[in-house]
There are 2 protein chains.
Amino acid sequence: MNSKQEFIEKLRNSSLRPTKQRINICEVLFNRDKTFHFTINDLFNLIKDKTGEKVSLATVYNTVHAFHKKGYLKEIPINSNQTYFDTNVTDHHHFFDVKEEKLIDLKNEDVGPIEIQKSIPGKKIKSVEVLVKLED
Amino acid sequence: MNSKQEFIEKLRNSSLRPTKQRINICEVLFNRDKTFHFTINDLFNLIKDKTGEKVSLATVYNTVHAFHKKGYLKEIPINSNQTYFDTNVTDHHHFFDVKEEKLIDLKNEDVGPIEIQKSIPGKKIKSVEVLVKLED
DNA sequence: AATCTTCTTTAGAATAATTATAAACAACGA
DNA sequence: TCGTTGTTTATAATTATTCTAAAGAAGATT
């Protein structure tokens with residue numbers, strides 16, 4: 001359980017002023033035990049449901065992008081009509097249940113080490129992500 | 001170099017009638033030595049440039065989706081505003097140069113074998129894709 | 001070849017996710 | 001408290017993709 005104080009710190013670290021709206025967003029994002037996979041639309045709806053207060057869609061977009069930039073959220077590469085984010089920002093991979101359109105975390109130890117034996121001059125590796133698509 | 005006859009076969013295999021437009025699309029997609037990574041918009045513009053004939057955007061979408069469904073094209077999971085496809089439908093992975101927004105093929109042997117040591121009851125693995133993001 | 005049926009193409013409209021705008025408002029520091 | 005700067009919001013704009021319905025082309029049948 002995170003406290004409001006922690007959210008305020010997180011926001012300040014992200015150079016964001018701790019406003020009522022942003023704290024509500026944090027409440028939904030970070031006040032949980034398990035990792036949370038979501039689309040902006042999921043989040044937008046959950047804020048209304050969980051806090052009883054509405055935050056404008058534009059603010060949800062802005063805040064999520066700011067957190068993403070600061071590394072408090074991870075963007076998951078999937079081809080979907082919506083962009084998925086993850087509150088688990090550690091190095092890890094995903095299952096994607098194509099039918100249910102649901103993401104499931106894969107712990108790093110669930111996937112053997114991945115060795116990339118090719119390099120591109122002048123470029124370095126920023127991230128290595130595995131997406132395992134699931135079907136019935 | 002593929003011939004028009006091969007395109008016609010490909011189309012028939014996909015339950016598509018070989019029309020002038022679709023053959024032009026094939027010309028741009030499959031008449032090449034190297035693998036081709038593209039967005040619908042790339043393809044749309046290339047058709048005009050390479051064949052001198054315009055094909056409507058709707059037809060490009062329809063045909064690409066039909067080929068994708070039949071396995072003649074692969075969709076690459078990336079978070080981008082546009083969907084990327086690949087003419088290389090063999091099992092392989094990708095570099096994505098974030099700055100240039102460009103894809104580069106990774107041969108399967110460039111990436112060690114990937115072992116997934118977790119399973120979800122009732123689901124089976126459809127695909128395993130590695131995306132390596134590159135930065136400067 | 002003429003005809004009929006079915007599939008295809010097309011322009012344009014509709015949809016949906018995301019981003020931009022600019023005015024009202026809130027947080028912060030002096 | 002006041003002034004500055006950052007923030008929220010509704011709404012408009014943008015962009016990728018899908019839908020629609022009418023005109024046209026392909027394939028089968030005679």
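Hydrogens, waters and symmetry mates play no part in the numbers below; they use all other heavy atoms, side chains included. Letters A, B, ... mirror the listed sequences (proteins, then strands); counts begin at 1. Keep in mind it's a predicted model, so treat the numbers as computed, not measured.
Nucleotide dT7(D) holds its C1' atom 15 Å from the CG atom of Asn24(A), rounded to whole Å. When the P atom of dA16(D) is taken as reference, atom CG of Asn81(B) falls 6 Å away, rounded to whole Å. The nearest whole Å value for the distance from the CD1 atom in Ile23(B) to the C1' atom in dA25(D) is 13 Å. In this structure, the OH atom of Tyr61(A) is 15 Å from the P atom of dT9(D), given to the nearest Å. Spacing between atom CD of Gln82(A) and atom C1' of dT15(D) amounts to 16 Å, rounded to whole angstrom units. For Lys20(B) and dA25(D), the NZ to C1' distance is 10 Å, given to the nearest whole Å. Atoms CG (Asn41(B)) and P (dT15(D)) sit 11 Å apart, rounded to a whole Å. A straight line from CG of Leu16(A) to P of dT5(D) spans 18 Å, rounded to a whole angstrom.
Side chains of Ile78(B) and Leu103(B) form a contact here, defined as non-hydrogen atoms less than 4.5 Å apart. Residues Ile40(B) and Gln82(B) are not in side-chain contact: their nearest non-hydrogen atoms beyond the backbone lie 4.5 Å or more apart. Taking the side chain as every heavy atom from C-beta outward, Asn88(A) and Lys74(A) never approach each other to under 4.5 Å. Residues Phe7(A) and Asn31(A) meet the side-chain proximity criterion, which asks for heavy atoms closer than 4.5 Å. In this structure the side chain of Lys107(B) never reaches within 4.5 angstrom of the side chain of His93(B), judged on heavy atoms. Between Phe96(A) and Glu101(A) the shortest side-chain heavy-atom distance falls below 4.5 Å. Between Ile47(A) and Ile25(A) there is a side-chain heavy-atom pair separated by less than 4.5 Å.
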Can you pull every protein N or O that's under 3.5 Å from an N or O on nucleotides 10-12 of chain D?
unit_1: dA10(D); atom_1: OP2; unit_2: Lys54(A); atom_2: NZ; d: 3.3

Pairs under 3.5 Å (N/O, protein and nucleotides 27-30 of chain D):
unit_1: dG27(D); atom_1: OP1; unit_2: Arg12(B); atom_2: NH1; d: 3.2
unit_1: dG27(D); atom_1: OP1; unit_2: Arg12(B); atom_2: NH2; d: 3.1

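Side-chain nitrogen and oxygen atoms of His65(B) include none within less than 4.0 Å of the OP1 or OP2 phosphate oxygen of dT17(D). Residue Gln21(B) places no side-chain N or O under 4.0 Å from the OP1 or OP2 atom of dA25(D).
Among the protein residues, Thr39(B) comes within range of no part of the nucleic acid, since none of its heavy atoms lies under 4.0 Å from any strand. Counting non-hydrogen atoms under 4.0 angstrom, Thr19(B) reaches the backbone sugars and phosphates but no base.
Put simply, chain A comes within 4.0 Å of DNA chain C, heavy atom to any atom, from dA17(C) to dC28(C), going 5' to 3'.
Although no hydrogens or angles enter the test, the distance criterion places a donor-acceptor pair under 3.5 Å between the side chain of Asp42(A) and the main chain of Thr39(A).
Qualifying side-chain hydrogen bond (donor to acceptor under 3.5 Å, both in side chains) partners for Thr19(A), counting only residues two or more places apart in sequence or in other chains: none. With sequence neighbours excluded, the residues that form a ring pair (Phe, Tyr, Trp, His ring centres under 6.0 Å) with Phe38(A) are Phe36(A), Phe85(A).
In this structure, the helix from dA1(C)-dT30(D) to dA30(C)-dT1(D) shows an angle of 30° between the axis at its start and the axis at its end, each fitted on 5 base pairs and rounded to 10°.
Other residues, nucleotides and ligands place more than 12 heavy atoms under 6.0 Å from the NZ atom of Lys118(B). Within a 6.0 Å sphere centred on NZ of Lys48(B), other residues, nucleotides and ligands contribute more than 12 heavy atoms.
Under a cutoff of 6.0 Å and an axis angle of 45°, Lys10(B) and Phe30(B) form a cation-pi pair.
For the residue pair Glu53(A)/Asn24(A), the side-chain donor-acceptor check at 3.5 Å is satisfied.
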